[in-house]
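A short write-up of the structure that comes next.
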There are 2 protein chains.
Amino acid sequence: MNNAKKKRLEANGWKVGSTDEFLNLSPEEASYIELKLALSKALQDLRKSKNLTQVDVAKRIKSSQSRVAKMEAGDSSVTMDLMFRSMFALGASRKKVVGMLV
Amino acid sequence: MNNAKKKRLEANGWKVGSTDEFLNLSPEEASYIELKLALSKALQDLRKSKNLTQVDVAKRIKSSQSRVAKMEAGDSSVTMDLMFRSMFALGASRKKVVGMLV
DNA sequence: CAAATATATGTCATATATGACATATATCCA
DNA sequence: TGGATATATGTCATATATGACATATATTTG
């Protein structure tokens, strides 16, 4: 994990150690966070591929633009449940969704 | 979706329509729930393949046996985040985890 | 460039998930 | 069988996620 990624993680509310780089980020936590970031990226890619705005997505899932923005940013305050739901709401199949996480 | 599955869903706290079978369960909700159930099954399979008890898993993720049981039951009160975290805590790789969801 | 449109960030009150606990039920095995 | 071990179910106080809102900052378009 490079420094830019670490900065992005910290910016999104993840605890990635202060003095030392990320020794206190266990492998399993790292895997989880990286999968979640992949999911947030997948959601954004999917939305863009359909030429939809965050407001459009928000309407479909009865949420708000700000929450969609947070999903796409991989913010620590959003669950993967909401992200998966959003992708399905955009018409993606399970195969498609899972495929975007490989 | 057959009746047995519906019963299982309802038992786990999912709202799957009362009078009519499951007309009020939109395709995206169905996809989400089915993915989550696949994940709960994957977690259980993984645990059993390692010959661990729910208590063992609970210790590794600093949770409780009851919560692990709920994860494996696909209970509506548990997030996919916790399930993914658990699988990673059992040593599964992202490739492995994602592969179990295909 | 400026206006319009899109996205990001911060905060709140409320809803939901969490670990913990008690206890019920199932499964194992001597 | 019955005691031991494992899993399921229900509940609670607390922690965290949620939609909504305001508003800041980009990005597009004319």
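Each chain gets a letter, A, B and so on, in the order the sequences are listed, and its residues count up from 1.
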Nearest to the side chain of B/Glu72, heavy atoms from C-beta on, is which of D/dA6, D/dA8, D/dA20?
D/dA8

Indicate whether OP1 or OP2 belonging to D/dA6 is found under 4.0 Å from a side-chain N or O atom of B/Gln65.
no

For B/Lys48 and C/dT27, give me the distance from atom NZ to atom P, rounded to whole Å.
10 Å

Do A/Leu35 and A/Met80 have side-chain heavy atoms sitting under 4.5 Å apart?
yes

Roughly, in whole Å, what's the span from CD in A/Gln54 to C1' in D/dG19?
15 Å

To the nearest Å, give me how far apart CZ (B/Phe84) and P (C/dT18) are.
13 Å

When the nearest nucleotide of DNA chain C is assigned to A/Ala69 and to B/Lys62 on a heavy-atom basis, which residue is associated with the more 5' position?
A/Ala69

CG of A/Leu37 to CG of A/Asp75: how many Å apart, nearest 0.5 Å?
10.5 Å

Separation of D/dT18 atom P from A/Arg85 atom CZ, nearest Å, is 9 Å

At under 4.0 Å between heavy atoms, what does A/Val78 touch on the DNA or RNA strands: base, sugar-phosphate, or nothing?
sugar-phosphate

Rounded interatomic separation in angstrom, taking CE from B/Met71 and C1' from C/dA17
12 Å

Is the closest basic N to carboxylate O distance between A/Glu72 and A/Arg47 below 4.0 Å?
yes

Using only heavy-atom distances, decide whether a donor-acceptor pair under 3.5 angstrom links the side-chain of A/Lys70 to the base of D/dG19.
no

Among D/dG19, C/dT18, C/dG19, the one nearest any side-chain atom of A/Leu82 is D/dG19

Once you apply a heavy-atom cut-off of 4.0 Å, does B/Ser64 come out as touching a base, just sugar-phosphate, or nothing?
base

Heavy-atom closest pair (B/Met71 atom, B/Ile61 atom, distance to 0.1 Å) is CE-CD1, 3.6 Å

Need one value for A/Val68: base, sugar-phosphate or nothing, where a base atom within 4.0 Å counts as base even if backbone is also close, heavy atoms only.
nothing

Starting at CZ of A/Arg67 and ending at C1' of C/dT14, how long is that distance when rounded to a whole Å?
13 Å

To the closest 0.5 Å, what do you measure between CZ (A/Phe88) and CD (B/Glu29)?
12.0 Å

Send over the distance from A/Ile61 CD1 to D/dT18 C1', rounded to a whole Å.
11 Å

Taking 4.0 Å as the cut-off, does a side-chain nitrogen or oxygen of A/Arg47 come that near to OP1 or OP2 on C/dT7?
yes

Rounded distance (Å) that lies between atom P of D/dA17 and atom CE of B/Met80
16 Å

Under 3.5 Å, is there any donor-acceptor pair linking the side chain of B/Ser66 to the base of C/dC21?
yes

Using a cut-off of strictly less than 4.0 Å, decide whether B/Thr79 has a side-chain nitrogen or oxygen near OP1 or OP2 of C/dT18.
yes

